[in-house]
Structures are given as structure tokens and as C-alpha cells.
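Side chains included, hydrogens not; waters and symmetry mates left out as well; all remaining heavy atoms used. We count residues from 1, following the sequence as given.
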Amino acid sequence: MSDIRRIGAGARMSKAVIHGSTVYTAGQVAEKTKGGSVGDQTREILSLIDQILSEAGSEKEKILSATIYLSDITTFAEMNSVWDVWVDKANPPARATVEARLVSSEYKVEISVISAR
């Protein structure tokens with residue numbers, strides 16, 4: 001297990017797991033803007049992802065894949081308006097966006113990514 005490193009490990013899960021040169025993040029949700037708009041939650045989550053990737057020795061330019069969960073798919077355009085400002089236009093990841101019931105009704109967005117280091 002020497003080639004596996006965990007970031008923010010808790011009893012149930014880690015914020016991220018690094019295996020070799022790949023970083024896998026857990027689904028990130030907004031805490032500061034919990035209950036706020038989809039745009040506000042998306043901005044906060046993307047900032048968290050930036051921090052986690054930095055700690056893992058990566059950056060958004062190296063994201064391979066992103067999965068975005070929206071509690072209401074009609075907010076897709078609002079989420080995209082924030083995503084489009086943040087994403088590296090020269091290196092966009094593969095991405096899926098799905099509607100899903102999240103763990104609490106106050107969460108409107110959850111995002112997980114897989115990144116190279």
C-alpha cells in the first residue's frame with residue numbers, strides 16, 4: 001500500500017485518494033453556501049476541488065474526468081455558467097452530469113473528479 005496516499009481520511013471516507021499518478025476525489029459538497037444557490041454552491045465546490053488537487057500535487061488542467069450531480073437538472077445552465085468560467089478551456093475533462101437525490105435537500109450540487117498528477 002505504499003503507493004496509496006489518502007487526503008482527509010476519516011472513519012468513513014477520504015476527501016481524496018492518490019494511487020500512483022492518479023487522484024480520485026470524493027464527491028464534494030458546499031458547506032459555506034449549503035442551502036444557497038446552485039451557482040454559489042458550484043463556486044465553493046470548485047474552490048474545494050482546487051485545494052484538494054493542490055494538496056495532491058495536481059491542478060484542474062490535469063483533470064481527466066468529472067461527475068456532477070444536480071438535485072434538479074433544470075439548474076444545469078446555472079451550474080454550467082460557473083463551470084465554464086472555472087474549467088481550463090485548453091484541457092477540458094470528460095464529464096457527466098446527472099440528476100440525483102443528494103444526501104440533504106440543502107445540497108444542490110455534488111462534484112467528484114479524477115485527475116492525473
Side-chain angles (χ1 to χ4, degrees):
M1 296 211 349
S2 62
D3 64 336
I4 297 174
R5 185 174 135 226
R6 299 176 196 285
I7 295 173
R12 180 170 289 145
M13 58 182 271
S14 297
K15 286 184 182 180
V17 176
I18 303 164
H19 179 256
S21 61
T22 307
V23 180
Y24 303 86
T25 71
Q28 299 300 304
V29 294
E31 290 299 333
K32 294 177 185 169
T33 56
K34 185 177 179 179
S37 73
V38 167
D40 289 341
Q41 288 192 20
T42 302
R43 258 185 294 287
E44 181 182 342
I45 292 164
L46 296 175
S47 176
L48 291 170
I49 289 171
D50 282 335
Q51 292 170 25
I52 293 166
L53 291 178
S54 177
E55 187 174 344
S58 186
E59 56 196 347
K60 67 182 169 187
E61 293 81 3
K62 296 179 181 179
I63 295 174
L64 306 170
S65 176
T67 304
I68 302 171
Y69 304 93
L70 296 173
S71 64
D72 181 353
I73 201 68
T74 65
T75 62
F76 183 72
E78 183 180 356
M79 178 278 301
N80 270 332
S81 70
V82 177
W83 175 271
D84 290 345
V85 170
W86 176 82
V87 74
D88 182 341
K89 307 276 187 301
N91 299 291
R95 190 184 99 171
T97 305
V98 298
E99 183 177 56
R101 187 179 315 192
L102 302 181
V103 71
S104 166
S105 62
E106 293 179 292
Y107 295 123
K108 298 175 182 168
V109 184
E110 182 171 337
I111 303 174
S112 63
V113 302
I114 300 170
S115 181
R117 286 186 37 189

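Under the 4.5 Å side-chain heavy-atom criterion for ILVMFWY residues, a single connected hydrophobic cluster contains both Phe76 and Val38. No chain of hydrophobic side-chain contacts below 4.5 Å, direct or via other Ile, Leu, Val, Met, Phe, Trp or Tyr residues, connects Leu64 to Val23. In the hydrophobic clustering of ILVMFWY residues, with side-chain heavy atoms under 4.5 Å counting as a link, Ile73 and Met79 come out together. A continuous path of hydrophobic side-chain contacts links Leu102 to Val98 [ILVMFWY only; heavy atoms under 4.5 Å]. If you chain together hydrophobic residues whose side chains sit under 4.5 Å apart, Leu53 and Ile7 fall into the same group.
Nearest approach of Ala30 to Thr33, heavy atoms of both residues: CB-OG1, 3.2 Å. Ile4 and Val17 make their closest contact through CG2-CG1, 3.9 Å (heavy atoms, listed as atom of the first residue, atom of the second, distance). Here the closest heavy-atom approach between residue Val87 and residue Asp84 is recorded as CG1-O, 4.0 Å. Listed here is the closest heavy atom pair of Ile63 and Val113: CG2-CB, 4.0 Å. Smallest separation of non-hydrogen atoms from Thr42 and Trp83: CG2-N, 4.5 Å. The shortest heavy-atom contact between Leu46 and Val82 is CD1-CG1, 4.1 Å.
The side-chain hydrogen bond (donor to acceptor under 3.5 Å, both in side chains) contacts involving residues 63-77 comprise Asp72-Thr74, where partners must be two or more places apart or lie in separate chains. Contacts classified as side-chain hydrogen bond (donor to acceptor under 3.5 Å, both in side chains) and involving residues 107-117 (residues at least two apart or in different chains) are given here: Glu31-Tyr107, Ser58-Ser115.
In this structure, the separation between NZ on Lys60 and CD1 on Ile49 is 11.0 Å, given to the nearest 0.5 Å. If you take OG on Ser14 and OH on Tyr24, they are separated by 14.0 Å, rounding to the nearest 0.5 Å. Atom CG of residue Asp3 and atom CD1 of residue Ile18 lie 11.0 Å apart, to the nearest 0.5 angstrom. Considering CG of Leu70 and CD1 of Ile111, their distance stands at 8.0 Å, rounded to 0.5 Å. We find the NZ-CD distance between Lys15 and Gln28 to be 7.0 Å, quoted to the nearest 0.5 Å.
Within the 3.5 Å criterion, the main-chain N or O of Gly39 finds a donor-acceptor partner in the side chain of Glu78.
Within 6.0 Å of NZ in Lys32 there are 12 or fewer heavy atoms belonging to other residues, nucleotides or ligands.
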